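Not measured: the values here are computed from a predicted model. Labels below follow one simple rule: chain letters A, B, ... track the order of the sequence lines, proteins then strands, and each chain is numbered from 1.
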Number of protein chains: 2
Amino acid sequence: MLRIAKLTDYATVLMVRMAREPGCCFSAAQLADELGVPQPTVAKLLKHLLRAQLLASARGVGGGYSLALAPHAISVADVVGAIEGPLALTECARGKGNCSLERGCATRTNWQLINRALRVALQAVSLADMARPQLQPIHVQALQEKMP
Amino acid sequence: MLRIAKLTDYATVLMVRMAREPGCCFSAAQLADELGVPQPTVAKLLKHLLRAQLLASARGVGGGYSLALAPHAISVADVVGAIEGPLALTECARGKGNCSLERGCATRTNWQLINRALRVALQAVSLADMARPQLQPIHVQALQEKMP
DNA sequence: CCAAATAGGACTGCATTGGTTCTGTATAGT
DNA sequence: ACTATACAGAACCAATGCAGTCCTATTTGG
Ligand code: FES
Ligand code: FES
């Protein structure tokens, strides 16, 4: 229903938590405990975020995860992308041949533009922003200027 | 994966098609044929759009559907909302008690703002806009001005 | 009355998601 | 060297929601 997966929500909460103390090393167990979410689930998410190179890891006793970049250098779009794959509102927004309506479809390119706007909006919000109690309303200066 | 349902995509294509000849009456069979999508599926979508009062219908021989409002008065957000229900990126974005992380969650209010930005963006695009070959890029003037 | 067309459900197969479990590997401390 | 801790990666399963179909009214023009 045009919403992010619950796991993605968890992931952002995890990342924001870590963004509050960057450089610090968090174990999966510790994070799961703080968050109140089962440990295996948290572990899986952290692995995904690691593969996307948003986290760095240390194995062994006393190991754990830490942010790979500064909090302001990681965007919400990065986190969403790491868990859900590339952002594509419509089937046809990701490459050709995915949508059965392609031939003669009038909405494809316009959807792609909407898609791009969403991506930009998510890229504009960093973990550092999310860690603040409340960020300013995002202002969408929308297309009152349209094609002729 | 943060994408609209395929049926929603169909619905927008249908609406845009009708927006190109407003006032005209389209039967489900005719639209299904034009679109290359099975007739029952199209019929179901049209019923949903009708209930959301985006369409008007005429029964009986020679009946069909037509836009309930002018093309510029119907937004993409309306269509998405009609098919998928109210727009809510996160569980917690729609009312209390939906998200298990609620207590002490630092990202809730910020997600709600992102949510609102998306809604505004979709509301800003009308069927008339979508019917044009290509609308101007949506410009998101994002929150470089954040909370202190 | 009949045919065309919508109105409204109920129903089903399938894909995705949320969540678990298992095996393997690296590391710190004893 | 041994062991406990903690990550790495994959396979696995149950449940939810989606895409699509079907069936039975009801309305209306001819
Ligand atoms: S190509 Fe997918 S809806 Fe137009
Ligand atoms: S309340 Fe749902 S993620 Fe914070």
Heavy-atom closest contact (A:Leu50 atom, A:Leu55 atom, distance):
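It is CD1-O, 3.4 Å.
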For A:Arg20 and A:Ala131 the tightest heavy-atom approach is NH2-O, 4.1 Å
Could you tell me how far apart [X] ([atom1]) and [N] ([atom2]) are, to the nearest whole angstrom?
X: A:Leu7; N: D:dG17; atom1: CG; atom2: P; answer: 14 Å
X: B:Glu91; N: C:dG18; atom1: CD; atom2: C1'; answer: 11 Å
X: B:Leu49; N: C:dT6; atom1: CG; atom2: P; answer: 13 Å
X: B:Tyr65; N: D:dT27; atom1: OH; atom2: P; answer: 15 Å
X: A:Arg3; N: D:dG17; atom1: CZ; atom2: C1'; answer: 9 Å
X: A:Leu50; N: D:dA6; atom1: CG; atom2: C1'; answer: 13 Å
X: A:Asp33; N: D:dA6; atom1: CG; atom2: P; answer: 12 Å
X: A:Ile83; N: C:dG19; atom1: CD1; atom2: C1'; answer: 14 Å

By nearest atom, which of the nucleotides C:dA3, C:dT20, D:dG20 is closest to the B:Val61 side chain?
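Between C:dA3, C:dT20, D:dG20, the one nearest the side chain of B:Val61 would be C:dA3.
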For B:Ala29, answer base if it contacts any base atom (sugar-phosphate contacts may also be present), sugar-phosphate if it contacts only those atoms, and nothing otherwise; contact means non-hydrogen atoms under 4.0 Å.
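Counting heavy atoms under 4.0 Å across all strands, no contact is made by B:Ala29.
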Touch check for A:Pro40, heavy atoms < 4.0 angstrom, all strands: base, sugar-phosphate only, or nothing?
base
Considering just the side-chain nitrogens and oxygens of B:Ser27, establish if one lies under 4.0 Å of OP1 or OP2 belonging to C:dA4.
no
Counting distance only, does the side-chain N/O of B:Asp9 pair as donor-acceptor with the main-chain N or O of A:Thr90 below 3.5 Å?
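No, because the side chain of B:Asp9 does not come within donor-acceptor range (under 3.5 Å) of the backbone of A:Thr90.
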Judged by atom type as modelled, is there a donor-acceptor pair below 3.5 Å linking the side chain of B:Asn110 to the main-chain atoms of A:Met130?
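Indeed, once roles are kept as given, a pair shorter than 3.5 Å links the two residues.
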On DNA chain C, compare the nucleotides closest to B:Ser57 and A:Ala58; which residue's is nearer the 5' end?
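Checking each residue's closest nucleotide, the 5'-ward one belongs to B:Ser57.
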Quiz question: going by heavy-atom distance under 3.5 Å, is there a donor-acceptor pair between the base of C:dT25 and the side chain of A:Arg59?
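Check passes, donor-acceptor contact within cut-off.
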Given protein heavy atoms under 4.0 Å, the one-letter contact record of nucleotides 9-15 of chain C, with B base, S sugar-phosphate only and - none, is simply S------
Any salt bridge between B:Glu34 and B:Arg17, counting N to O under 4.0 Å?
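Here B:Glu34 pairs with B:Arg17 in a salt bridge, since their nearest N and O are under 4.0 Å apart.
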When you check the gap from the basic side-chain N to the acidic O, do B:Glu91 and A:Arg3 get nearer than 4.0 Å?
yes
Tell me yes or no: between the side chains of A:Gln123 and A:Ser75, is some donor less than 3.5 Å from an acceptor?
no
